[in-house]
> 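Let me give you the structure first, and then I'll get to my questions.
A note on names: the letters A, B, ... follow the listed sequences, proteins ahead of strands, and every chain is numbered from 1.
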Amino acid sequence: MIDFSHLRQDFPVLQRRIHGKPLVFLDSAASSQKPTQVLDVMDAVYRTYYANVHRGAYLLSEESTTAYEEARGKVARFINAGSRSEVVFTRGATTALNMVAFGWGMDHLSAGDKIMLTMMEHHANMVPWQLVARRTGAELVYLPMTGDYRLDVDRIPELLDERVKVVSFTGMSNVTGTMPPVAEIAKVARDHGALVVVDAAQLVTHAPVDVQELGADFVAFSGHKMLGPTGIGALWGRPSLLEEMEPFEGGGEMISDVQLNGSTWAPVPHKFEAGTPPIVEAIGLGAAVDYLEKIGMELVRRHEQELTGYALDRLAELPAVRVFGPADLEHRGGVISFALGDVHPHDVATILDQEGIAVRAGHHCAKPLTRALGVPATVRASFQVYNTRQDVDALFAGLRRAEEVFRVD
Amino acid sequence: MIDFSHLRQDFPVLQRRIHGKPLVFLDSAASSQKPTQVLDVMDAVYRTYYANVHRGAYLLSEESTTAYEEARGKVARFINAGSRSEVVFTRGATTALNMVAFGWGMDHLSAGDKIMLTMMEHHANMVPWQLVARRTGAELVYLPMTGDYRLDVDRIPELLDERVKVVSFTGMSNVTGTMPPVAEIAKVARDHGALVVVDAAQLVTHAPVDVQELGADFVAFSGHKMLGPTGIGALWGRPSLLEEMEPFEGGGEMISDVQLNGSTWAPVPHKFEAGTPPIVEAIGLGAAVDYLEKIGMELVRRHEQELTGYALDRLAELPAVRVFGPADLEHRGGVISFALGDVHPHDVATILDQEGIAVRAGHHCAKPLTRALGVPATVRASFQVYNTRQDVDALFAGLRRAEEVFRVD
Amino acid sequence: MSIEELYRDVILDHNRNPRNRGTLDHPDAHAEGNNPLCGDELTLDLLFDGDRVTEVAIQGQGCSISQSSASMMSQAIKGRTLDEVRNLIATFKAMMDIETAPSQTGLDPDRPGAVLGDLEALQGVRKFPVRIKCANLAWTTLEEALKSRQ
Amino acid sequence: MSIEELYRDVILDHNRNPRNRGTLDHPDAHAEGNNPLCGDELTLDLLFDGDRVTEVAIQGQGCSISQSSASMMSQAIKGRTLDEVRNLIATFKAMMDIETAPSQTGLDPDRPGAVLGDLEALQGVRKFPVRIKCANLAWTTLEEALKSRQ
Ligand SMILES: Cc1ncc(COP(=O)(O)O)c(C=O)c1O
Ligand SMILES: Cc1ncc(COP(=O)(O)O)c(C=O)c1O
């Protein structure tokens, strides 16, 4: 049994008391908390060497540029990118996915083409494609889910016809916790000639990610879910595709030359980083990567599997609880959505909040998936490195309390 | 003479020594330094109540949402918006301008239409329009500059023909410091039926801005130039235009409903804030607004005018210095671009850096303007609230040193 | 602040056994309301005789607060005149508005239930600010329905 | 570290009086280089006689480091064989590479100028890392020009 409880002291917010009770934070899938190791780095940037990057001929700017580019290097290494220029800093996973959908899609999709998504996607990997489909005339097709909340990969051969030009799917569902066989799906889709995009917003912080092994064309994720700050994320892309793809935004820093009637672009990745980037946030993300690498992502994954197993066992003690997600720990991460009898998820969340327990209730930005589950919303508890068995026990006790209030038998 | 020297203690980085000399930071037009009042607020968010916004049914999320929306209220009040829903948080001015260029332009521009810019624009207000022009077939026209580095408003009647559908221009040049008569130009352009966009990235931190007085349709700016953090900016828009405009990015938080084949949008401003927003950055920007309002933007403007006047006087003592910008302090802010004889600006910047003085050298993301000035690059010194006459004196001494090294007579 | 202040028995009862459930074939007034952030949904049909509400039918899904508020509202407005309904709306909104002091809401602290009946059980929601919009959903939908009639 | 270590007299001289300035009508090799971040620009024309550089012509604008480096390079390669030029490129790059220890650059500390001539004055640039790309511009452009010949 892996013990990460010593990490808790790194996260100041965990000292908070909520309605007089100690905080039990179980909403890291929405956004994780941050260790002092990240907060201190960011604060120190502003206090000791902050300046805008790339264009300064003075020391602070040089130091900031170096730190910013080193952060890129850290992120590149974290996902085992071939080189740091394959990593584009973005505002978050959402922007990264829009960048691909618009930047690649607008030039490569047209009426008759198909974009293949899955029923499990977060709106961030659905709405951008809908927007691009509307503008290009392409159609959307969705890979369905199996009865045990996994992607129905057996349906791929039938759905993946020659009109499918893009396959974009999640590396880990933020609702069911499902982890699809990414490399397997990516291989089939790429062999088929489709562009493969992986939404790794959850995956990247719950398991080791090696973009070369995944075999996708683009991989998107956010910093704030992986112990980093808000306002930053990244898009990894194959060099050849980044080279050819149109920039998503125009502005400073992303140009090579600007004439009155047209411009040429800076080399990758700068072509995709118009304007002043989220400098300190990128450096903070680099510090978050350092923190996670020090623990080791293999261990993070194992800790989470153990905790998830324990939580599923405890939830099974409550007959009124129905979990929406794979039972097999090999195929899921530490995100657990469930229903408690017919008590509405928002009522469950309010009762838990009174006990100091932070969970999420709703559709988790995945309305089509929630509809497919046949419920208006779910309660979701999700784990990060700082969660413990005690947190699970608190959740269990809180659910008992909810059963009491709502007289669930 | 306004004395702001007591403010310097609020900016920890100003204690830095550079190559053994005290830091003289004169590159705030690229990005300003941040006071502890902003840094402490951001740090406290992460340490005491951080959570993702808008969807949480628990206390931390409620507190974060309240702080985030209060920050929107502060920004709205700072620019005298009619209501907080007129303020969209973005990654920065660049994203805000792209949002308008693409979101409005793609649906309202077509072949034969004209987009009117000015010769003074930053690439952020040029390249997005070039991209949209290419996709829509619209043409670009540029309002020229006068001999004394102001916009040639007399040419407007002739250039503003019925094909001009958009007039987008800077509220203050980041190269020459020029402050065009924004309200006057906006009125002529709007009466003419054109959409009016103001790039206020510089203006908003150098002078009071009242969007209702400006009379534009959209106003864009960044947080990091106005004592706030990186990764955040804002777009103000007229409610009716925000209502009708297409979202720039798709994703979570910006939807009302998502079906498999299409979606409906959340109310303004959320429609334009896809995904997890830069939460802590927005709250930090709110704190920066508090800081500036406590000083008072009228006073900020006066302080800067006095300092600029002093700097122009001192530079006039050096016959080899040639300033590119209006002499009249009514028409300019605290951004001074200049040449020192024929010494290349990068050489000047390197010599100043050795003296601890941070200035910028280059085209300042305004290549067409720099070309129009007839130089490959300029040296730029720019002021913020924390700059003093001593900083100007240090610049003067540094330039003397550069003259010595390069034997300028 | 205890959770029982929010989830009073009468609320749980209305949530379990919502009154005036269903739809009307030819309503004089109709509106649909939803709370995109929570997913609460409501449709409301009304029949009038002159300016008196004679029938109310509600359908929807959502949390106990939104659904019980709708159920209690349906009871409260049935048989009332338009003016009386408007008064109810105003009083309910005042009760839910955290900016309004409890003494200013128009409720009678000495006679619980005298003014708004069962609905007064929703007072506890004031202490749970994120849930206020749940309680209000039925009432904003009612306002829309009244507009639809004109 | 003093600024005079960067701006040696010979550098200022080459900056003021750049050698081999101009363009060639029918160059055997040609390349254009630029440094988008700084705005430094350079065009380079070469004439060969067999594998020997007989003419060099340079045009461009930029800071004193980029322009003097180009001027000194033009002198250094004129009259040299391709192999000698390639050796010069390698030595210059080693000199500019902050990862290479000064003792490993191939320069002779006891005989300043013996290996790279005037170019050795650019050693000071190593202490000003942001300016290294200025010094290198002429040389990366030279490499491009040599490729263009093949
Ligand atoms: C006038 C002007 N417009 C736009 C911008 C772009 O702002 P940002 O880089 O913060 O997006 C800048 C800053 O560089 C500017 O000075
Ligand atoms: C699976 C998944 N994809 C995409 C996103 C979007 O990430 P962000 O909101 O940080 O842009 C999220 C987070 O909400 C997610 O869980």
> At a 4.5 Å cut-off on heavy atoms, which part of I255(B) comes close to chain A: side chain, backbone, both, or neither?
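It is the side chain, since no backbone atom gets that close.
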> Indicate yes or no: does D43(B) engage K34(A) in a salt bridge with an N to O separation below 4.0 Å.
no
> What part of R16(B) gets within 4.5 angstrom of chain A, counting heavy atoms only: side chain, backbone, both, or neither?
side chain
> Tell me, side chain or backbone of E139(B) under 4.5 Å from chain A's heavy atoms, or both, or neither?
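Contact with chain A involves no heavy atom of E139(B) at all.
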> Give, as side chain, backbone, both or neither, the part of L131(B) having an atom under 4.5 angstrom from any heavy atom of chain A.
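Side chain of L131(B) only, per the 4.5 Å heavy-atom cut-off to chain A.
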> For Y58(A) and V359(B), which heavy atoms make the closest approach, and how far apart are they?
CD2-O, 3.1 Å
> Report which part of D257(A) has an atom under 4.5 Å of a heavy atom belonging to chain B: side chain, backbone, both, or neither.
both
> Please name the pair of heavy atoms, one in T230(A) and one in V280(B), separated by the smallest distance, quoted to 0.1 Å.
OG1-N, 3.3 Å
> Would you say the side chains of S31(B) and Y50(A) form a donor-acceptor pair under 3.5 Å?
yes
> If every non-hydrogen atom of G250(B) is compared with every non-hydrogen atom of P128(A), which pair is closest and at what distance?
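That would be O-CG, 3.5 Å.
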> Charged N to carboxylate O below 4.0 Å: is that the case for E273(B) and R91(A)?
no
> At a 4.5 Å cut-off on heavy atoms, which part of M99(A) comes close to chain B: side chain, backbone, both, or neither?
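For M99(A), there is no contact with chain B at all, as no heavy atom is under 4.5 Å.
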> Is there a side-chain contact between M42(B) and L39(A), using heavy atoms and a 4.5 Å cut-off?
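Counting from C-beta outward, M42(B) and L39(A) never come under 4.5 Å.
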> Will you find, in the side chains of E249(B) and T95(A), an N or O donor that is under 3.5 Å from an N or O acceptor?
yes
> Without swapping roles, check the side chain of E253(A) against the backbone of C365(B) for a donor-acceptor pair under 3.5 Å.
no
> Please name the pair of heavy atoms, one in P368(A) and one in Q259(B), separated by the smallest distance, quoted to 0.1 Å.
CG-C, 4.5 Å
> Select one option (side chain, backbone, both, neither) describing which atoms of Y46(B) are under 4.5 Å from chain A's heavy atoms.
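The answer is both parts of Y46(B).
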> Could you walk me through whether D40(B) and R47(A) pass the salt bridge (Lys or Arg N to Asp or Glu O under 4.0 Å) test, one step at a time?
CA-CA 11 Å; D40(B) 290 349; R47(A) 283 173 196 268; 2.9 Å; yes
> Quick check on the 6.0 Å ring-centre criterion: do F248(A) and F248(B) meet it?
yes
> K225(B), R135(B), M254(B): which one forms the most heavy-atom pairs within less than 4.5 Å of chain A?
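Counting heavy-atom pairs under 4.5 Å, the top option is R135(B).
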> Is M119(B) close to chain A through its backbone or its side chain, or both, or neither, when contacts mean heavy atoms under 4.5 Å?
side chain
> Only pairs of heavy atoms separated by less than 4.5 Å count here; which of I18(B), I279(B), L260(B), T94(B) has the most with chain A?
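Most heavy-atom pairs within the cutoff with chain A belong to L260(B).
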> Given a strict heavy-atom distance threshold of 4.5 Å, which part of L23(A) is in contact with chain B: side chain, backbone, both, or neither?
side chain
> Identify which part of P277(B) has an atom lying under 4.5 Å from any heavy atom of chain A, answering side chain, backbone, both or neither.
backbone
